Amino acid sequence: MGIFGIWIAAFLTLCIYSFLYRDNPFYRFAEHLFLGMSVGYGIVLNIHSGFIPLAWDPIYTAITEEGKQSGLVKLIPIALGLLFFARLSPRHTWLIRYPIAILIGFNSGLFIPSALQASIFEQTRGTVEPFANLGTLGPWGIFEAALMVIGVICTLTYFFFSVEHRGTVGWLSKIGIAFLMIGFGSAFGNTVMGRVALLIQRVNFLINDWLGTIF
Amino acid sequence: MKRQVPLVLCFVFGIAMIFTQFSPHTFSQGIHNEVTNWTHIITPFALVLAVATLIQTHWVRIRRRTTHWQYSIVVFAGLITMVAFGIRSGPKNRVFEWLYENVQVPMDATVFSLLAFFIASAAYRAFRARTFEATLLLISALIVMMGNVPIGDFLWNTVMAWTPWDNATSNASQWILDNPNLSSRRGVILGVSLGAISQSIRIILGIERSYLGGGD
Amino acid sequence: MFEKLMRIDRRIIFIFVGLAVIVPTLFPSNLPINVPEPTRQLYDYIDALPTGATIIIAFDYGPSSFAEPQPMAEAVMKHCFDKKVRVIGINLFAETTTLADKLMQKVAKEKGAVDGEDYVFLGYRPGALQVIIGMGTEIASIFDSDYAGNPLAEIPMMENITNYEQISLLLDLAASSTVEAWITYANTKYGLQIGAGVTGVIVSQMYPYLQTGQLVGLMPGFLGAAGYEKLIETSAEGTAGINTESFVHLLIVGLVVLGNIAFFIQQRREE
């Protein structure tokens with residue numbers, strides 16, 4: 001079973017790499033198989049790790065065990081969840097707005113206070129905090145602290161479209177672009193590392209695991 | 001009924017989540033936990049949307065015999081096989097796990113590893129120092145790329161051994177990440193967060209309604 | 001000549017990329033690795049944890065990105081098992097479940113760790129936000145059993161663990177924006193310490209959180225995995241990977257430089 005699995009995996013890996021030459025039936029077969037299996041895997045996991053423990057089990061317990069009838073209240077969110085099936089009937093599609101509205105309202109309400117704290121207050125604190133310890137910083141540290149404030153202000157200026165980017169604002173915005181470009185450059189450098197890592201993993205599989213079964 | 005009720009639901013759940021986060025009172029926390037629990041139960045059903053769209057798309061392709069419609073049968077074959085082995089005995093079923101490990105994982109990993117080839121080709125063709133900004137981007141990318149791998153420092157320490165700086169490639173890369181990269185990312189985080197917060201307020205207040213879709 | 005060079009068939013570049021990976025894989029090198037400072041911070045944090053402490057590892061990546069986080073997970077788990085730090089595994093995305101389950105079993109077997117006593121894999125629950133928030137109140141409200149189906153109440157290592165208050169660190173091994181979600185909801189609301197090991201694609205966006213202390217440490221891609229392996233004095237996939245990676249990066253840098261030389265010469269000629 002082990003070696004057979006390795007050969008199947010190697011065959012499908014090569015099917016997908018055949019796309020590097022050009023689009024072909026082997027690639028299309030593997031691509032579509034991958035799509036179907038991923039969705040199938042997702043369905044099974046969401047039923048066994050989602051629907052059953054979150055919806056089915058509590059209702060079953062509420063019905064079968066005495067004193068647990070309060071669990072029946074979960075029938076309301078289950079009914080709301082079932083409204084997603086309205087997508088299957090064009091006449092009743094509008095019903096899926098109910099669960100979507102609840103999920104969007106929940107996410108938005110949860111997001112506002114948490115994001116204010118985590119992304120606005122904490123990031124602002126991080127920007128100005130080095131200046132609280134200015135006495136302990138050397139000249140290079142002071143330079144870096146100043147660079148950070150300049151970078152943040154200029155980047156924000158670039159994204160501030162309520163004022164025309166002319167004169168001082170124009171200059172600040174141009175400096176902001178320079179910071180953004182350095183940031184994007186570093187992101188590109190890191191992205192290369194990430195993408196190449198995936199290739200190394202697959203080549204490693206082909207050479208050590210698959211060819212290892214032959215030689 | 002079709003538009004007003006969803007707007008009210010969105011408002012009620014949104015406001016409930018905002019206010020209950022500020023009050024540690026047992027009653028408030030009870031509401032907070034119950035609302036979280038409700039939405040948690042609703043969430044897995046959202047999968048229906050994705051699956052229905054996929055099935056619909058490929059079913060139409062088969063019915064209309066569009067180009068490459070045969071591959072849509074492969075989609076259904078893959079989907080049905082996984083569901084058939086996993087639905088009754090669960091995801092720890094041996095065949096289900098075998099299919100996942102030997103069929104799904106290798107294909108998923110390989111599809112995304114193709115990007116390594118395309119990123120190299122794109123870098124060769126399009127990564128040009130045409131302007132000052134593009135030059136900054138290019139230099140920063142090259143330094144980080146070399147700083148990320150041990151050969152960068154190895155070459156520097158060998159070729160540039162006469163300089164007083166050891167491991168200059170990785171140090172320069174780390175400096176870029178810790179300073180100009182950090183500043184620009186922080187600017188983006190602040191900007192995006194402010195935008196997302198204002199958008200969330202608009203959604204809760206019913207000003208932003210695009211999630212309701214078209215129609216009446 | 002330069003015009004030809006600029007119009008080279010992309011498949012020739014593909015061959016060079018393939019060779020830059022195949023040759024170093026066949027003939028591995030062992031270049032000295034410099035441990036990135038954020039990785040050392042994460043190592044120091046875990047190393048300072050007392051015996052019997054518990055951490056959560058969130059396997060928030062997928063088969064499409066497992067090349068980098070998997071060696072990180074392996075290295076951190078080895079470190080934890082050696083130090084008798086207990087590990088709870090969870091994942092916010094369905095597609096990682098089997099990968100994470102198998103990996104935990106593999107490392108545990110290697111280190112002699114016992115399921116339910118030294119580690120437990122709780123698996124997946126849909127709804128990332130609800131999972132993050134819900135576990136802060138009570139882990140059992142989200143996971144009433146582990147992935148194998150054993151009720152949480154019967155798992156020895158979960159006896160004294162109710163919520164994040166008993167968790168010393170959450171390590172998010174991520175390929176997308178889950179780190180931000182853990183920071184925004186678990187760190188801000190419950191004060192849970194967060195560490196991260198991320199794929200190269202999202203490394204750059206982690207640095208603002210490192211500077212504010214919202215992240216206690218970071219493993220950046222293959223380099224982070226290799227760095228952590230060096231710190232625990234082992235050599236595994238991360239180390240081998242970053243050595244192979246060296247040659248591909250060298251090739252890409254060479255291609256970019258060559259492309260620019262050809263571009264400038266052509267431009268000068270046109271002028």
Side-chain angles (χ1 to χ4, degrees), chain A residues 17 20-22 34 38 41-46 48-51 53-54 57-58 103 106-107 110-111 113-119 121-127 129-130 148 152 183-208 211, chain C residues 10-11 14 17-18 20-22 24-26 63-68 70 94-95 97-98 123-127 129-130 133 143-145 147 175 180 183-185 187-189 198-205 208-209 211-214 220-223 225 237 240-242 244-245 248-249 252:
Chain A
Y17 279 144
L20 291 170
Y21 181 65
R22 66 167 179 228
F34 154 56
S38 302
Y41 184 82
I43 292 173
V44 171
L45 257 293
N46 275 288
H48 280 272
S49 299
F51 178 74
L54 298 175
D57 286 348
L103 291 179
F106 168 81
N107 284 348
L110 196 62
F111 179 75
S114 309
L116 267 174
Q117 180 63 31
S119 304
F121 300 149
E122 278 295 311
Q123 293 302 317
T124 309
R125 179 185 63 78
T127 310
E129 199 174 43
M148 179 155 63
V152 172
F184 291 149
S186 72
F188 179 84
N190 283 318
T191 301
V192 168
M193 174 168 70
R195 297 309 183 205
V196 172
L198 301 174
L199 174 63
I200 290 171
Q201 195 278 330
R202 293 321 295 154
V203 171
N204 195 29
F205 163 77
L206 287 173
I207 291 178
N208 295 322
L211 292 181
Chain C
R10 67 192 164 109
R11 282 171 289 202
F14 292 170
V17 174
V21 179
I22 292 168
T25 306
L26 287 170
S64 60
S65 54
F66 79 102
E68 291 171 291
Q70 198 104 324
E95 64 264 30
T97 316
T98 311
Y124 162 74
R125 288 285 180 273
L129 290 190
Q130 290 89 342
I133 300 275
F143 295 97
D144 54 354
S145 63
Y147 182 56
E180 280 97 331
I183 290 170
T184 306
Y185 300 108
N187 175 260
T188 306
K189 198 167 152 56
V198 300
T199 56
V201 181
I202 56 167
V203 166
S204 301
Q205 67 205 53
Y209 300 109
Q211 190 257 347
T212 53
Q214 289 167 293
F222 249 165
L223 181 62
E237 276 175 55
I242 201 70
T244 307
E245 183 116 22
V248 190
H249 281 213
I252 296 176

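Chain letters run A, B, ... following the sequence lines, proteins first and then strands; every chain starts at 1. Given the structure is predicted, the values throughout are model-derived calculations rather than measurements.
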> For A:F205, is the NZ or CZ atom of A:R202 found under 6.0 angstrom from the centre of its six-membered ring and inside 45 degrees of the ring axis?
Replying inline: yes
> Given that the side chain runs from C-beta out, which part of C:S145 has a heavy atom under 4.5 Å from chain A: side chain, backbone, both or neither?
Replying inline: neither
> Top residue by heavy-atom pair count (under 4.5 Å) with chain A, among C:N187, C:T244, C:V17?
Replying inline: C:T244
>> Less than 4.5 Å to any heavy atom of chain C: does that hold for the side chain of A:F106, its backbone, both, or neither?
In response: side chain
> For C:F143, is it the side chain, the backbone, both or neither that has a heavy atom under 4.5 Å from a heavy atom of chain A?
Replying inline: neither
>> Is A:F188 in contact with chain C via its backbone, its side chain, both, or neither, using a 4.5 Å heavy-atom distance?
In response: neither
> Is the closest side-chain heavy-atom distance between A:Q123 and C:Y209 below 4.5 Å?
Replying inline: yes
>> Among C:I202, C:D144, C:V198, C:V248, which residue has the highest count of heavy-atom pairs closer than 4.5 Å to chain A?
In response: C:V248
>> Please identify, among A:N208, A:L206, A:L110, the residue contributing the most non-hydrogen atom pairs under 4.5 Å to chain C.
In response: A:L110
> Side chain, backbone, both or neither: which part of C:Q214 has a non-hydrogen atom closer than 4.5 Å to chain A?
Replying inline: side chain
> So, do C:E180 and C:I183 sit near enough that their side-chain heavy atoms are less than 4.5 Å apart?
Replying inline: no
> If we only count heavy atoms from C-beta on, is the A:F111 to C:L129 side-chain gap below 4.5 Å?
Replying inline: no
>> Please give me the minimum heavy-atom distance between A:V196 and C:E245, naming the atom from each residue.
In response: CB-OE2, 3.3 Å
>> Between C:R125 and chain A, with a heavy-atom cut-off of 4.5 Å, which part of the residue counts as in contact: side chain, backbone, both or neither?
In response: both
>> Counting only non-hydrogen atoms closer than 4.5 Å, does A:P113 touch chain C with its backbone (N, CA, C, O), its side chain (CB onward), both, or neither?
In response: neither
> Non-hydrogen atoms of chain A under 4.5 Å away: do they reach the side chain of C:I22, the backbone, both or neither?
Replying inline: both
> Just one of C:T199, C:V201, C:L223 clears the side-chain contact (heavy atoms from CB on, under 4.5 Å) bar with A:M193, so which one?
Replying inline: C:L223
> Non-hydrogen atoms of chain A under 4.5 Å away: do they reach the side chain of C:Y124, the backbone, both or neither?
Replying inline: both
> Under a 4.5 Å heavy-atom cutoff, which of A:N190, A:N107, A:T191 has the most pairs with chain C?
Replying inline: A:N190
> Looking at C:G123 and C:T97, what are the two nearest heavy atoms and their distance?
Replying inline: CA-CG2, 4.5 Å
>> Measuring only between side-chain heavy atoms, which start at C-beta, is A:I43 closer than 4.5 Å to A:F51?
In response: no
> Between A:A197 and C:E68, which heavy-atom pair has the shortest distance, and what is it?
Replying inline: CB-CG, 3.5 Å
